[in-house]
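To start, the structure under review is shown below, and the notes come after it.
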Amino acid sequence: MMAIHQAVNSFILLIHRAKTTLSLKEIHARLFRFNFSQNSHAVTQLISACSPFGAIQYAILIFRSFRDPNPFVFNSLIRALFDNSCFDTAISHFAFMMQLDVRPDYLTFPFVLKSAACLQEVGLGSSLHSEIIKIGFELDSFVRISLLDMYVKLNNLGSALRLFYETPETNKIRSILLWNVMINGCCRASDLKTAVELFERMPDRDAASWNSLINGFVKIGDMEGARDFFDRMPEKNVVSWTTMISGYSQNDNHKWALDTFNQMLEEGVRPNDYTLVSVLSACAKIGALDAGRRIHDYIRQNNVKINRQNGTALIEMYAKSGKIICAKQVFDLMKEKGLLTWSVMIVGWAVHGYCVEAFRCFEAMKCAGITPDGVAFLGILTACAHTGLVDQGLWFFNMMRQDYFIEPSVKHYACIVDLFGRAGRLEEALKFIEDMPVEPDYVVWGALFCACSAQKNIQMAELAAQQLLRLEPSHPGSYIFLSNVYARTGRWNDVERVRVKMREKQIEKSPGWSFIEVGSHVHQFVAGDISHPCTAVIYSKLEELTTDAKAQGYLPDTGWVMHNIEEEDKEDAVGSHSEKLALAFGLISIPRGEDIRIVKNLRVCGDCHSLMKYASRMSQREIILRDIKRFHHFKDGVCSCKDYW
DNA sequence: ATTGGACTTA
């Protein structure tokens, strides 16, 4: 007896060694040779050893050759199946287990329930629950949490709540964790009312309880609610702070995200990678270079290791703040680059108009053994579009489908439309849209519209604008687009008609805003803004600038105004676009010799673009403007986009 | 005797 034991043990040792040296097949063969293929201990170990290799078929094979399955063997197989994402097979083996009357134990259910959750099968979830009750399995706190978690992941909040309420109120079973899972489930289902109710009723709360609730408010976009609980939270941890920071950023309040981060540092809470990524992404959104640099300094001073996540966030911050060379420096220093890292770098080159570098980066990525995905291709197509390389772009588009089997998304189609459109090949763009296998969406028609607008093809622009209106009748952009077409041709009656319709439907024009960072402060402007403390000085500077530019040949282009107003007023309306106000403010407050960086949430209008060129020459300063599409580097009267955007 | 008990927050 003793000898058999030892032999089995030495087999188990062999199996452990299999992870490095011996092949599993060889072990299995030996198992047979020594007649241990029916030893459940050895078989259980062998099945478990298959899992990390993904040798799941082999694990099933071993399982089938075992004649007298017991819970141990079943459990290890179900576990292995779950780990290899074979959820339905895991479930069917559980059914098999029941069929053979093998009683499941405490290690069976966690993985079966998780499989049901991953399969997103609501009915299966409930029947597993009944099965547990039927066989009289004890519903201890472990099983309850597993069940609760499964219901939450199946979006079956009702069943989760029912199970929760019938749980005896002893602290041991209704643990903090159980409450937290429940609160989190309510938050996932956007049922904040119940979440708060549960939270208030909890006998004890830990940080995760608070954070879960705060996160619930963040997810529904209620930052005041989130702030309320955040302020009341007695001991905020990193997660609490990060939730707020990324919450502000997700809800488009990047300035507050930065403020919250600074506050966090003042409170002496040490940021982790999640925090750094969130705050860097907030910087990237508004092009807050100084803030971003300070975070980079923090990273260096505190010896934070650059890894895939924070490194990628740094690259994106620099790229979107106009410092593509700094982005490249971080990129070169990074040891472990992921797919996202490469994509961010490619898109970075693309939006700065560095087509060759984007191509090189794309090739280098493939050499590094990373397979490009749809996002990487989108970057490379953007690069082609921005530099007018139509044939190259089409070549990449075909490569994506034929060599990489990536089904193009609507974004890719929109990019190709853009590619044709910018090159002035409008007919081809339209034909491309008509031949698309998927229904063209708002972005696709929008790309065509912009191209028509730039090429002054009013007929096709009207067609595109009508499609936009059909697709998004409540989107303000659709009306603006259409009205812009009419405005350009002087059809003021039609412009008025569109405006009335907009008013009837109570559609508000989404405001264009611009950000400019001065020193360490971010200033925000909307068109016609008078909220800034320096408003008077800004406007007089702008007037001076416009006058000087006019003397140099600048002609205000009033075609960009949508309303039918007197010529002079029109000049006013384009004259106070947010990017112009930001520019004037920058000229006053940013020391000479430093770049002026402006970020705009929409596309820059042609008039502003023209004025920026004059301003860069007259002030002998570099102006870096980022709009929703790309970067414009203005230097000595010329823009890096070569007026092609 | 064997099987990494469950799980939440960015």
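Proteins come first, then strands; the chains are lettered A, B, ... in the order of their sequence lines, and each starts at number 1.
Cation-pi geometry between A:Arg103 and A:Phe74 is not met at under 6.0 angstrom from the ring centre and within 45 degrees of the axis. In this structure, A:Arg232 forms a cation-pi arrangement with A:Phe229, its terminal cationic atom sitting closer than 6.0 Å to the ring centre and no more than 45° off the ring axis.
For A:Arg597 against A:Ser321, the heavy-atom pair with the smallest separation is CD-O, 3.4 Å. When every heavy atom of A:Val269 is checked against every heavy atom of A:Trp241, the shortest pair comes out as CG2-NE1, 3.7 Å.
The neighbour count for A:Phe137 CZ, taken as heavy atoms of other residues, nucleotides or ligands under 6.0 Å away, is above 12. Other residues, nucleotides and ligands place no more than 12 heavy atoms under 6.0 Å from the CD atom of A:Glu235. Residue-environment remark: CD (A:Glu166) exceeds the threshold of 12 foreign heavy atoms within 6.0 Å.
Applying side chain to side chain donor-acceptor pair (under 3.5 Å) to A:Asn211 and the options A:Thr242, A:Asn237, A:Asn184 leaves one that passes, A:Asn237.
The CD1 atom of A:Ile56 sits 6.5 Å away from the CG atom of A:Leu77 when rounded to the nearest 0.5 Å. Between the OH atom in A:Tyr248 and the OG1 atom in A:Thr260 there is a gap of 5.0 Å [rounded to 0.5 Å].
Using a 4.0 Å heavy-atom distance criterion, A:Ser278 is classed as making no nucleic acid contact. Residue contacts for A:Ser76: at a heavy-atom cut-off of 4.0 Å it reaches no nucleic acid atom on any strand shown.
A:Asn75 has its side chain within reach of A:Asp105: a pair of non-hydrogen atoms, C-beta onward, lies under 4.5 Å apart. Put simply, the side chain of A:Pro271 does not reach to within 4.5 Å of the side chain of A:Ile295, judged on heavy atoms.
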Query raised in the report: How far apart are the C-alpha atoms of A:His129 and A:Tyr151, what are their side-chain angles, what is the distance that settles it, and do they pass the ring pair (Phe, Tyr, Trp, His ring centres under 6.0 Å) test?
Result: CA-CA 10 Å; A:His129 188 174; A:Tyr151 279 130; 5.7 Å; yes
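On the nucleic acid side, DNA chain B contacts chain A at distances under 4.0 Å to non-hydrogen atoms, with the end points of that region at B:dT2 to B:dA10.
In the region residues 196-230 of chain A, proximity to DNA chain B at under 4.0 angstrom, judged on heavy atoms, holds for A:Ala208, A:Asn211, A:Ser212, A:Asn215, A:Lys219. Within residues 269-277 of chain A, the residues that place at least one heavy atom under 4.0 Å from DNA chain B are, in residue-number order, A:Asn272, A:Tyr274. Sorted by residue number, the members of residues 77-95 of chain A with any non-hydrogen atom under 4.0 Å from DNA chain B read A:Arg79. In the region residues 286-299 of chain A, proximity to DNA chain B at under 4.0 angstrom, judged on heavy atoms, holds for none of the residues.
Taking the six-membered ring wherever Trp is involved, the centroid distance between the rings of A:Phe331 and A:Trp342 falls below 6.0 Å.
When the side-chain hydrogen bond (donor to acceptor under 3.5 Å, both in side chains) test is applied to A:Thr341, the partners found at least two apart in sequence or on another chain are A:Thr312.
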